[in-house]
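Accompanying notes for the structure given below.
Here the structure is a predicted model, which is why all the values come from computation and not from measurement. Every heavy atom of this structure was used, including side-chain atoms; hydrogens, water molecules and symmetry mates were not.
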Amino acid sequence: MPKLKVNDIEVEVEEGLTVLQACEKAGAEIPRFCYHEKLSIAGNCRMCLVEMEKSPKPIASCAMPAAEGMNIKTNTRFVEKARKGVMEFLLANHPLDCPVCDQGGECDLQDQSMFYGVDKSRFKENKRAVPEKYMGPLIKTQMTRCIHCTRCVRFATEVAGVSELGAIGRGEDMQITTYLEQSMQSELSANVIDLCPVGALTSKPYVFEARPWELKKTETVDVMDAVGSNVRVDTYDWEVKRVLPIINEDINEEWISDKTRYACDGLLNQRLDTPFIKYNRKFEKASWSEVFKIIKSKFENSSKDRVCGFVGDLTNMETGYIFKEFFDRTLNNYNYESRSDNRFLDNSKRENYIFNSSINGIEDADLIFLIGANPRYEATILNARIRKAFVNNNTKVISLNDVGDLTYTYKNLDGQTQTIKNIFEGSDEISKEIISATKPMIIIGESLLKLNYAENLFYLIKNFLKKNNKFTDNWNPLNILSCDAATVGNFDLGILNKEKSLLDELKSNKFEIVYLIGQDNLEFNKKDEFVIYQGSHGDKGAEIADIILPGSAYTEQEGFFTNLEGKVQKAYKASYPPGEAKEDWQIINELAEVMNNRKLFNDKEELESSMFNYLKLQQEKQTSKNKEKTYSEFQNEKLNIHLKDYYFSNVIARSSKTMIECNNSKLNIKSTGTEG
């Protein structure tokens with residue numbers, strides 16, 4: 001490991017690190033515009049100039065590898081003069097529109113010009129002007145401000161995997177643009193807004209909404225998919241203005257999907273803010289005491305086995321747990337379920353329904369086999385991690401189905417379950433590849449679990465991996481790709497019915513009372529059922545309801561979510577529910593009090609404590625034995641991948657105007673035949 005001096009401090013750095021990284025290790029802050037830890041080195045802006053002993057000129061620290069015996073100075077008059085010269089050139093063409101620029105207050109150029117800018121310019125020539133570019137409904141451009149750092153171009157090509165953004169022209173005529181003046185066809189496109197060090201690329205939906213110092217910032221987790229990206233929610237009064245990523249190297253690094261970032265305007269639309277009762281096919285406003293009395297009367301006049309409950313896809317774990325306790329203790333009934341389809345699930349071991357190799361572990365895999373999964377739309381951030389492994393490690397990716405552009409090259413098979421059977425019985429070439437791989441990853445999508453023979457295939461895959469010693473102390477190759485934020489948490493809490501299929505009974509109209517909590521994905525023909533819907537938005541569940549109980553969205557209540565790899569993370573309260581709406585756990589607690597004259601839990605702390613005790617007991621109960629099953633009966637099926645509409649996958653996204661614009665933008669590109 002090379003040793004070098006930075007401002008007379010000796011540091012030892014790993015082989016291959018740059019001078020800039022060595023300086024930061026020594027505690028010296030180096031200004032930069034083009035350098036970014038997650039992108040390739042460009043060396044465009046020259047802002048990171050430092051002085052090196054025996055070098056007549058300042059060196060660009062971002063592009064110079066650290067070497068043994070270097071003597072670096074970062075704060076001399078020579079360095080300061082060089083940086084001031086660079087800043088003068090950068091500001092020569094930059095417009096003086098900071099007061100009306102959305103980047104104001106969090107602009108790298110603004111911050112660094114405070115240190116290295118001068119109060120007058122020696123340039124008398126007219127500033128250049130660059131026409132605006134169209135980059136879709138999410139990214140607002142003002143390319144006259146662009147300083148050609150090329151961060152956006154490198155992100156689009158390297159991380160997002162869409163080579164649609166680049167530079168045309170030379171010198172002063174150089175412009176950054178999408179080559180066909182189309183919107184960027186990536187679900188990660190808006191990350192270029194965070195990367196842009198000036199105000200050239202800003203957020204179109206957020207334009208002129210607020211200044212950074214006016215916003216209250218809350219660190220929380222995202223619920224738009226099961227990845228559990230770490231985000232910061234910025235609110236103005238009770239209104240959510242924007243969502244930004246927080247760095248978490250184990251989960252989302254520092255990227256978030258466009259849906260995570262922009263579906264938040266759906267929190268304002270179609271909100272349920274007061275209880276409703278349906279009279280003569282019309283909803284009328286009611287009080288909480290009124291709706292609770294009606295619900296109590298209905299429960300008392302119904303047989304307990306004619307009551308069922310379904311938990312939805314955005315529900316936090318506390319709500320799921322108190323809902324389960326309400327059925328167990330108050331109604332003495334076990335007819336509850338969190339699945340909205342008849343998918344196979346064996347919850348005897350937790351490894352049967354989580355992403356065991358972990359998101360971070362994708363980079364260690366040497367073979368990835370996708371079975372019935374399309375990670376680009378089911379878990380965008382996870383797909384970006386697969387692309388990273390493919391680009392950096394040349395990891396081989398195989399998919400059972402041809403699922404279109406995943407932003408990396410993969411080998412696709414015929415989509416038949418017979419092929420899965422052949423591979424995991426060891427009679428295929430791919431069987432040998434899996435056996436010879438040190439750390440293979442088998443990623444099973446929800447579409448496979450919905451097949452008639454899902455159980456056979458699941459155990460066939462698992463037993464094959466066991467037999468070939470692919471399960472080790474530090475590697476579990478079996479991974480289930482869940483799509484919804486609440487899925488794994490609901491399975492951990494046991495919110496499912498193993499005795500019978502509640503969905504089949506619901507479709508056969510066997511229930512008198514159906515209690516839906518945030519569940520909008522059920523498809524059944526309602527006859528005489530009395531439907532109670534508790535949720536935040538007037539969506540599919542509210543349409544069929546007889547009573548509506550207004551709940552809270554994920555930004556309006558504290559709650560735990562378990563992501564697809566089994567990590568429990570807490571979502572913090574950033575805003576307040578509108579009108580008379582209440583937190584979900586509170587509604588059930590109050591309903592239990594109306595029915596039994598006592599609450600299930602005295603406060604939220606007691607609820608959380610009870611829930612974590614339950615989870616601990618469940619983990620201790622789980623069996624360690626693996627089922628060795630053999631099946632003689634097998635029938636070949638075509639595995640079709642069933643995807644939710646990406647931009648309308650949940651109630652918040654369906655209520656978002658920005659998501660509608662994104663969807664329309666994609667449809668327009670498909671109709672003109674210019675999709676990348």
Side-chain angles (χ1 to χ4, degrees), residues 223 270-273 275-276 288 291-292 294-296 298-299 307-331 333-341 484-497 502-503 506 511 513-524 526 529-554 556-562 571 577 580-595 599-601 604 607 611 650-652:
V223 300
Q270 288 186 255
R271 290 305 302 270
L272 301 172
D273 58 358
F276 286 97
W288 280 104
V291 291
F292 283 158
I294 293 170
I295 293 169
K296 181 184 179 183
K298 286 284 180 185
F299 279 136
V307 177
C308 69
F310 288 87
V311 178
D313 50 355
L314 302 181
T315 314
N316 60 42
M317 290 175 74
E318 289 93 328
T319 305
Y321 180 67
I322 196 171
F323 185 73
K324 181 176 184 283
E325 289 290 288
F326 175 73
F327 267 71
D328 289 353
R329 287 159 54 184
T330 308
L331 302 179
N333 173 334
Y334 303 99
N335 290 337
Y336 42 74
E337 181 60 87
S338 60
R339 293 169 290 184
S340 55
D341 48 53
D484 299 320
T487 302
V488 175
N490 286 336
F491 292 167
D492 279 348
L493 292 167
I495 306 173
L496 41 99
N497 201 303
L502 290 188
L503 279 168
L506 181 69
F511 296 109
I513 300 176
V514 181
Y515 194 157
L516 306 177
I517 181 155
Q519 178 56 270
D520 294 85
N521 301 321
L522 292 181
E523 291 178 8
F524 74 103
K526 183 186 171 187
E529 295 93 342
F530 183 79
V531 178
I532 304 160
Y533 177 78
Q534 179 181 328
S536 57
H537 286 71
D539 202 84
K540 298 171 188 173
E543 281 176 22
I544 59 168
D546 295 287
I547 279 190
I548 292 175
L549 308 175
S552 303
Y554 75 106
E556 296 156 6
Q557 56 186 334
E558 287 191 0
F560 287 93
F561 288 91
T562 304
E580 293 177 45
K582 295 180 179 181
E583 292 189 20
D584 289 317
W585 75 275
Q586 202 179 341
I587 295 171
I588 299 166
N589 213 19
E590 288 176 12
L591 178 58
E593 187 180 21
V594 168
M595 295 199 52
K599 291 179 177 178
L600 289 167
F601 299 98
K604 189 81 175 277
L607 166 59
M611 180 181 81
N650 56 55
V651 288
I652 298 171

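Nearest heavy atom pair, residue K582 against residue Q586, reads CB-OE1, 4.3 Å. Here the closest heavy-atom approach between residue K324 and residue I495 is recorded as CD-CG1, 4.1 Å. In plain terms, the two heavy atoms of L503 and F310 that are nearest each other are CD2-CE2, 4.1 Å. Looking at every heavy atom in both residues, A553 comes nearest to S536 through N-CB, 3.9 Å. When every heavy atom of Q519 is checked against every heavy atom of L516, the shortest pair comes out as O-CD1, 3.9 Å. The minimum heavy-atom distance linking A485 with V223 is given by the pair CB-O, 3.4 Å.
Listed by chain and residue number, W288 satisfy the ring-ring contact (aromatic ring centres under 6.0 Å, His included) test with F292 (two or more places apart in sequence, or in another chain). For the side-chain contact (heavy atoms from CB on, under 4.5 Å) test, residues two or more places apart in sequence or in another chain that qualify with D484 are D313, T487, K644. A search for salt bridge (charged side-chain N to carboxylate O under 4.0 Å, His left out) contacts involving D273 returns nothing, not counting sequence neighbours. With sequence neighbours excluded, the residues forming a side-chain contact (heavy atoms from CB on, under 4.5 Å) with N497 are N335, E337, E499, K500, L502, listed by chain and number. For K298, there are no salt bridge (charged side-chain N to carboxylate O under 4.0 Å, His left out) partners two or more places apart in sequence or in a different chain. Residues satisfying the ring-ring contact (aromatic ring centres under 6.0 Å, His included) criterion with F323, sequence neighbours excluded, are F327, Y515. Under the ring-ring contact (aromatic ring centres under 6.0 Å, His included) criterion, F491 pairs with Y353, not counting sequence neighbours. Qualifying side-chain contact (heavy atoms from CB on, under 4.5 Å) partners for T330, counting only residues two or more places apart in sequence or in other chains: F326, A592, M595, N596, L600. A search for ring-ring contact (aromatic ring centres under 6.0 Å, His included) contacts involving F511 returns nothing, not counting sequence neighbours. Remark: K540 pairs with no residue by the salt bridge (charged side-chain N to carboxylate O under 4.0 Å, His left out) rule, at least two apart or across chains. Here A486 pairs with N490 under the side-chain contact (heavy atoms from CB on, under 4.5 Å) rule; sequence neighbours left out. In this structure K599 satisfies the salt bridge (charged side-chain N to carboxylate O under 4.0 Å, His left out) test with no other residue, sequence neighbours excluded.
Here I513 contributes atom CD1 and F299 contributes atom CZ; the two are 5.0 Å apart, rounded to the nearest 0.5 Å. One finds the CG atom of L506 at 11.5 Å from the OG atom of S340 (value rounded to the nearest 0.5 Å). A distance of 4.5 Å separates CG in L493 from CE in M317, rounded to the nearest 0.5 Å. In this structure, CD in Q534 is found 9.0 Å from OG in S552, a value given to the nearest 0.5 Å. Between F530 atom CZ and D546 atom CG the span is 5.0 Å, to the nearest 0.5 Å. Atom CD1 in I295 sits 5.5 Å away from atom CG in L591 (nearest 0.5 Å).
In this structure, the side chains of F561 and L314 stay at 4.5 Å or more apart for every pair of heavy atoms. The closest side-chain heavy-atom distance from Y533 to I544 is not below 4.5 Å. Side-chain atoms of P550 and P275, non-hydrogen and from C-beta on, do get closer than 4.5 Å to each other. V311 has its side chain out of reach of Y336: every pair of non-hydrogen atoms, C-beta onward, lies at least 4.5 Å apart.
Screening E583, E558, Q557 for a side-chain contact (heavy atoms from CB on, under 4.5 Å) involving N316 leaves a single residue, Q557.
A distance-only check finds a donor-acceptor pair linking the side chain of N333 to the backbone of V307 [under 3.5 Å]. Using a distance-only test at 3.5 Å, with no hydrogens or angles considered, a donor-acceptor pair links the side chain of N589 to the main chain of F601.
There is no side-chain donor-acceptor pair under 3.5 Å between D539 and Q270.
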Step-by-step side chain to side chain contact (heavy atoms under 4.5 Å, CB included) determination, I517 to I588: CA-CA 10 Å; I517 181 155; I588 299 166; 3.5 Å; yes
